[in-house]
Amino acid sequence: MFPVHSDSIVDRFFRYVKIDTQSDPGSVTQPSTAKQLDLSLLLVSELKLIGLPDAELDENGYVYATIPSNSDKNVPVICFCAHVDTSPDCKASEVKPILHKNYSGADIVLPDDPEQIIKTADHPYLLEKRGNDIITASGNTLLGADDKAGVTIIMEMAAFLVQHPELKHGKIRILFTPDEEIGRGVNKLDMKKLGADFGYTLDGPELGSFEEETFSADGMKFIFHGVSAHPGHAKDKMVNAIKMASAFIDELPKDEFSPETTEDRYGFVHPVRMEGGAEKMQVEFIIRDFNTAKLAAYEDYLVDKANDAMRLVPGGRFEFEIKEQYRNMKEVLNLHPQVSAHAREAIRRAGIDLKETAARGGTDGSRLSFMGLPCPNIFTGEMAFHGKHEYVSVQDMEKSLETIIHLCTIWEENS
Ligand SMILES: [Zn+2]
């Protein structure tokens, strides 16, 4: 048990969420919005005040800093990573955080818009947090605990380790990224400059949750070519690509293989876009599964269905292409089992029950893992993110902080 200070966590978190750092998928700049740098610059100056003089913001909007090793051992360099931007899905300017001390377990009515009520019926985890100190927004905006909870915890870790040299650890690298919410979080990351062996993102939800798996993902595109003819003289000549594509979609099962019919560890094929006309139609899919080998089976299955459609609407032809999107980070983490093993041990030492979860999507960690930084995801307490009902428990943030401090010492002990 470490004497972590909840007042300091709350002050720091409030300071960060009040800064608007919303990213913008429509922007072509790096980072996508200049206002993200308002927080990044503050983080650099606070890191320097904490006692990390090499803290810097690079030209692409990444913050890097080092906590030097205080061990004689040869300990791998560990990176802790969080993202500064907030979701473009909800208003994010003028965030007014509210601290609900010793939360009663009742529904929380947000004062700036009384129609916004965080109901425990919809958020059973909130009810479990009765007696904790809960932070919410005020009703007009998201909160931004995703991922300023992670940013706060990493900053507190840095302050704590600098103040407690008796805790032995190797070299620690801190990384704050922009634009995670729009899928560009690691596009311009300089892996050489980062110089870390293994990493952890601090961007997971409930207490004790730990994620070392993401989906593996491909994109697939079918192009149906019909035969065009003047509709007045089309008998026995025209083949309508719209009817070909419709027959294809109609061949897909209604009760399986879809996002709307699967959960947990089941994958899916999902048509996301269809466009064209009588002459040519294009149908785009995303293909997802935790088991990468299964993607090819799903793809073969779709090709079979397209061939079935050709028999139903004969005379046309189709082609397809497949694009790899991202891969389950567990494929990388399996090669370095100590990364997850040490995280599980740290969660255990913090006195928390481990909840292993698998992300039904991709994370920056999955991309980082394949860029050479094996990087699972650790809980922060952030819940109901990307909306006005977002909340976080201060005690969950404290436990996350305690977990990563243990994690630093566990790497040192095992080196
Ligand atoms: Zn996040």
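Counting convention: from 1, in listed order, for ligands and their atoms alike. Hydrogens, waters and symmetry mates are skipped; everything else that's a heavy atom, side chains included, is used.
- Contact check on K73 versus E413 returns no salt bridge, with no Lys/Arg side-chain nitrogen under 4.0 Å from an Asp/Glu carboxylate oxygen.
- Using a 4.0 Å cut-off between charged nitrogen and carboxylate oxygen, D396 and K399 do not count as a salt-bridge pair.
- A salt bridge links E56 to K193: at least one charged side-chain nitrogen sits closer than 4.0 Å to a carboxylate oxygen.
- Listed by chain and residue number, the protein N/O/S atoms under 2.8 Å of the Zn ion (ligand 1) are H83 NE2, D146 OD1, D203 OD1, D203 OD2, with waters left out.
- The pair E212-K330 meets the salt-bridge criterion, with a side-chain N (NZ, NE, NH1 or NH2) lying under 4.0 Å from an Asp/Glu carboxylate O.
- For the side-chain hydrogen bond (donor to acceptor under 3.5 Å, both in side chains) with T136, the lone residue among K96, H100, E390, H389 that qualifies is H100.
- For the pair R360 and E263, the salt-bridge criterion is not met [side-chain N within less than 4.0 Å of a carboxylate O].
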